[in-house]
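Scroll down for the structure; my scribbles are underneath it.
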Amino acid sequence: MSAQGSGAFEQTLRTEGVLFYRIEGVSMQPMLRQKRDAVVVRPPQGRLKKYDVALYRRDSGKYVLHRVVRVLPDRYVIRGDNCFSDETDITDREIIGVLTDFVRKGRQKPVTAPSYRLYTRLWVGLYPVRRFLHVCKGFLTEGLWVHLSGRRTKK
Amino acid sequence: MKLSSDFQTVEIDGKRYLTSAVRGFQGQIACNETASFILQKLRRRTSEKAIVKAMCRAFDAPAAQIETDVREVLDSLRRIGALKE
């Protein structure tokens, strides 16, 4: 869930107090679908909490919208819902905003909705299972590829 | 006419915003009361005439003024490719 920018998001948040944009990228699927769903981001009020979706800017200038999966005293552990690796060095300095609503099929859904809260708990809680299945899938695909491409060592 | 599915609207603190991921369209548009009303109507297929009629019922303003305002907003939406005719 990323975009390249030069401070445009920060500028909009400063002037409007709110940022509304269509997302690009697949890293927050299944919650957010590329070029179909839109998100509402507001400036953070204090430190973020676990399950919050943070908008932050990497040193490369790339904007990223990923979920906080762990809050540490000086930084956050952040991961996209469709990702299997963590970013462990995001501090409050990089955080630009926090997701408050998203729009799917014209319907506005606040992050305070019980269905959304249930989804976040389940999705984050089931991460070890999802990761295990992902590794298995990768192993099977890689194994099949090795078989089909004839890269197996002949005796 | 209808709002293109490439565009999304949202109401935040009583104010309506429009955005899109269409190439060439950047950022968000904060709508005034007229544009907000029209965008609401454009969520379903409608016509300029029907929008003007609905606005005349909802707002206490001269019909001629409403017609001009509606045309202006629709023209702006056409320019950014937000209208599906």
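The figures that follow rest on heavy atoms only: side chains count, while hydrogens, waters and symmetry mates do not. Model, not experiment: these values are computed from the prediction. Reminder, nothing fancy here: chain letters follow the sequence lines and each chain counts from 1.
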In the single-linkage hydrophobic clustering (I, L, V, M, F, W, Y; side-chain heavy atoms under 4.5 Å), do [X] and [Y] co-cluster?
X: A:L126; Y: A:L133; value: yes
X: A:Y56; Y: A:V18; value: no
X: A:I78; Y: A:Y127; value: no
X: B:Y17; Y: B:L42; value: no

Compile the donor-acceptor pairs under 3.5 Å between side chains in residues 45-59 of chain B and protein atoms, sequence neighbours left out, one pair per line.
{"unit_1": "B:S47", "atom_1": "OG", "unit_2": "B:A50", "atom_2": "N", "d": "3.1"}
{"unit_1": "B:E48", "atom_1": "OE2", "unit_2": "B:R71", "atom_2": "NE", "d": "3.1"}
{"unit_1": "B:E48", "atom_1": "OE2", "unit_2": "B:R71", "atom_2": "NH2", "d": "3.4"}

Closest heavy-atom pair, B:V10 versus A:V40, reported as atoms and distance to 0.1 Å, is CG2-CG2, 3.9 Å

Shortest non-hydrogen pair, B:Q28 vs A:T12, comes out as NE2-CG2, 3.4 Å

- Query: Can you tell me if A:R22 uses its side chain to pair, donor with acceptor, with the backbone of B:D6 under 3.5 Å?
  - Reply: yes

- Message: Please check: side-chain N/O of A:Q108 versus main-chain N/O of B:I12, any donor-acceptor pairing under 3.5 Å?
- Response: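 Pair absent, no side-chain N/O of A:Q108 close to backbone of B:I12.
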
Under 4.5 Å to a heavy atom of chain B? For A:R36 that would be backbone

Inter- and intrachain pairs under ring pair (Phe, Tyr, Trp, His ring centres under 6.0 Å), touching residues 71-95 of chain A, at least two apart =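 Applying ring pair (Phe, Tyr, Trp, His ring centres under 6.0 Å) to every pair that reaches into residues 71-95 of chain A, excluding sequence neighbours, yields A:F84-A:H134.
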
Value for CG (A:L19) from OG1 (B:T19), rounded to nearest 0.5 Å, stands at 8.0 Å

Once rounded to the nearest 0.5 Å, what's the spacing between atom CZ of A:F20 and atom CZ of B:R16?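 Going from CZ on A:F20 over to CZ on B:R16, the span is 9.0 Å.
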
| message | Would you say that B:Q8 contacts A:K105 through its side chain, given a criterion of any heavy-atom pair below 4.5 Å between the two side chains? | response |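 The answer is no; the side chains never approach within 4.5 Å.
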
